[in-house]
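One structure is given below, encoded as structure tokens.
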Amino acid sequence: MAVASSRVQLVTLRQHALTMARWRVLWIVLAFAFIALTALLRIGYLGMSDRSLRAASLEEALLPARGEITDRNGMPMARAFPAYALWFNPTAMGEDGAPLVRDPKDVAARLKAIFPDIDEARIAAQFAAGKQGYIRRRVLPEEANRVQEIGELALEMPLENDRHYPQGSMAAHVLGYVAADGKGRVGMEQVLDAQLADPATRGTPIPLSIDARVQGALEDELRRGMKLVAAQGAAGIVLDVDTGEVLALASLPEFDPNKIDARGQELMFNRVTNQVYELGSTFKPLSIAAAIDAGVVRDFGKRYDATPVKVGRFAIKDLHPKGTSLNVVETLIYSSNTVTARIADELGPERMRRYMIDMGMNERPYIELPAKGFPIWPGEKWPRLRNMTVSYGHGIAVTPLHLASAYAAMVNGGIWRPATLRKLEPGEAPQGRRVFKASTSSRMRQLMRAIAVFGTGKNADAHGYRVGGKTGSAEKPGGSAGYRKTALVSTFAAAFPMDRPRFVVVTMLDEPRGTVASSFQRTAGWTAAPIVGRLVPRIGPLLGVRPDETRDVDISDIRPLIKEAGA
């Protein structure tokens, strides 16, 4: 009996254990089912809501939203990065609920305390109208925390891809900006838009020809020069004479591509590529070069009549006459209108016009930027007076970029090349077209150096850098007499080092005033030339040009023709 009882108890224990095991399995199955059901409900919710997850390929996840732009040395100039935006969603608390817990004016005031530059009245009106939309596109993390503290569900902060310009306003007119629709505007952002947005290419940074170090120095010196003479604006460019690459391009006042507002829109106009000016006496070396090249000027010692030139009822005069006759060297050193006009008259309008066309003066400037001004071109047939006035930079209006490209051709051996903002690899420089003979270019390097040493360009003569250049001061059009006597455009066009020119530098000031800093003078020799004199020593070493007092252009054969040289 004892044995039978033990067997019964053993069976009972086995059945109990089996029952407990079945219950445990059932609970585990129910738990997994609950988790699975919860996951399915979550997926369904996300699928039906406006915050659904967007499927993204591995390529999209790893690539930046927009390609990076760098300077020629790889320094980031424009890049994409994730940032918060501030969005007003009036249906955040349901279709029938009020969009905001607090009064719209109160919420707008609280946002104003976080973002002082927003329009409080406009935002309050947007809240009151229940109109969804962006309040701000770029919100810093600390600002996002303060917005969260307001406690309004309708103030949403989605994480978006934003465009950032690490150097701030530097090279703004070169870069442009990216608009709210994700498209590039104004500068290289617009030119390279397709390449920057294409998944096949946006992973590779695009280098520009710009050197950020040179760009910063140019903007700094232009800004300083502009303030010293209370000018309305300034422009400048540094150009490689052998390749056409733009190392720096600046238009002041500048805008900030990180913050596009109404004021920024006004400042987007590019004075270097889009504004045409009568650039005055900076045209004289080009005219003399044309005359030398054509064989009209053979003897630099020949004396030319420097008295006023009368053509019909018009008379061409010199601002500061230096006698009744001048030779070619003195003509450029003293910047004589009368002799330049007489030499141009000998050259003739047809040949003068041909040289100007070869230097691109009759077309929009050659560069990738979308905004390019069309020159004020005298037309097909130039009368005698127009030919004379063009020779010293009046009656024709071009951009500073036109002038820079022409000067590059004048000093680099005679080859004109289009300017470019793309970095060129060795051997990629365009062949260009010949404008001047190599011998003409060699002569012009002598004359340009003489102007900086003995003439109106003395204030640009940075010691050891062998600068050569020419001043130009032209009255702006307007007024009853055709020109505004009190408004000048002051320009200095230069190249360095003149014994082996590598770079052209053009600086321009719009309506400078005579101040203590300029000895109360408004002309280019006192306003624009000093900018070059300060800039060249800053950028020379960065570009591989070091000061050398033992080297210079050999001007021994023209020195006897210069009174200031002690001949």
Side-chain angles (χ1 to χ4, degrees), residues 72 174 209-211 214-215 217-218 221-222 234-251 271-273 277 279 281-286 288-289 332 358-361 365-367 393 398-421 424 429-430 432 435-436 440-442 444-449 451-452 457 460-462 465-472 491-508 524 528-529 531-540 542-545 553:
R72 67 187 300 108
V174 172
S209 62
I210 295 292
D211 187 317
V214 178
Q215 180 73 31
L218 175 63
E221 292 299 344
L222 281 176
I237 186 170
V238 180
L239 187 72
D240 187 311
V241 304
D242 293 321
T243 66
E245 290 174 287
V246 176
L247 280 301
L249 185 155
S251 177
R271 298 173 186 269
V272 180
T273 66
Y277 306 88
L279 294 174
S281 296
T282 57
F283 262 61
K284 290 173 183 173
L286 302 175
I288 296 298
L332 290 179
D358 287 345
M359 288 184 280
M361 298 294 187
Y366 284 81
I367 198 168
V398 298
T399 68
L401 178 56
H402 279 103
L403 186 68
S405 295
Y407 265 60
M410 185 174 65
V411 302
N412 71 3
I415 305 298
W416 182 93
R417 293 183 177 89
T420 181
L421 281 165
L424 301 179
V435 178
F436 302 114
T440 301
S441 181
S442 178
M444 292 312 301
R445 292 197 289 268
Q446 290 181 302
L447 293 173
M448 295 286 285
R449 179 64 178 142
I451 297 170
D461 187 21
Y465 288 95
R466 294 91 73 196
V467 176
K470 182 70 184 75
T471 54
T491 310
F492 190 75
F496 77 98
M498 290 308 297
D499 53 319
R500 171 57 180 92
R502 290 184 56 192
F503 305 101
V504 160
V505 182
V506 174
T507 58
M508 186 275 293
I531 297 175
V532 175
R534 295 189 298 265
L535 177 66
V536 168
R538 291 185 60 175
I539 66 175
L542 300 176
L543 298 173
V545 181
V553 185

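Note that the numbering runs from 1 along the sequence shown for the chain.
- Side chains of R445 and S441 form a contact here, defined as non-hydrogen atoms less than 4.5 Å apart.
- With sequence neighbours left out, the side chain to side chain donor-acceptor pair (under 3.5 Å) criterion links T507 to no other residue.
- In terms of heavy atoms, D242 sits closest to P501 at OD2-O, 4.4 Å.
- Minimum interatomic distance between M361 and A406 (heavy atoms only, all atoms of both residues): CE-CB, 3.6 Å.
- Within the 4.5 Å cutoff, side-chain heavy atoms of F503 are placed close to those of L247.
- In this structure T243 satisfies the side-chain contact (heavy atoms from CB on, under 4.5 Å) test together with D240, E245, L424, A429, sequence neighbours excluded.
- For the pair Y407/M444, no side-chain contact is recorded, criterion being any heavy-atom separation below 4.5 Å from C-beta on.
- With T273 as the fixed residue, the side chain to side chain contact (heavy atoms under 4.5 Å, CB included) test singles out one of T399, V246, L249, I237: L249.
- Annotation: side chain of L403 is not in contact with side chain of M508 (no heavy-atom distance under 4.5 Å).
- The ring-ring contact (aromatic ring centres under 6.0 Å, His included) search around Y277 returns none, not counting sequence neighbours.
- The shortest side-chain heavy-atom distance between D461 and R449 falls under the 4.5 Å cut-off.
- Qualifying ring-ring contact (aromatic ring centres under 6.0 Å, His included) partners for Y465, counting only residues two or more places apart in sequence or in other chains: none.
- Summarising the geometry, atom CG belonging to L279 is positioned 12.0 Å from atom NZ belonging to K470; distances are rounded to the nearest 0.5 Å.
- Residues passing the salt bridge (charged side-chain N to carboxylate O under 4.0 Å, His left out) test with R538 are D220, E221, sequence neighbours excluded.
- A462 and P537 make their closest contact through CB-CG, 3.6 Å (heavy atoms, listed as atom of the first residue, atom of the second, distance).
- Nearest heavy-atom pair, M448 versus A493, reported as atom, atom and distance to 0.1 Å: CE-O, 4.2 Å.
- For the pair Y366 and P418, the tightest heavy-atom approach, listed with the atom from each and the gap, is CB-CB, 3.6 Å.
- Residue pairs satisfying the side chain to side chain donor-acceptor pair (under 3.5 Å) criterion with at least one member in residues 409-420, sequence neighbours excluded, are listed as follows: E368-T420.
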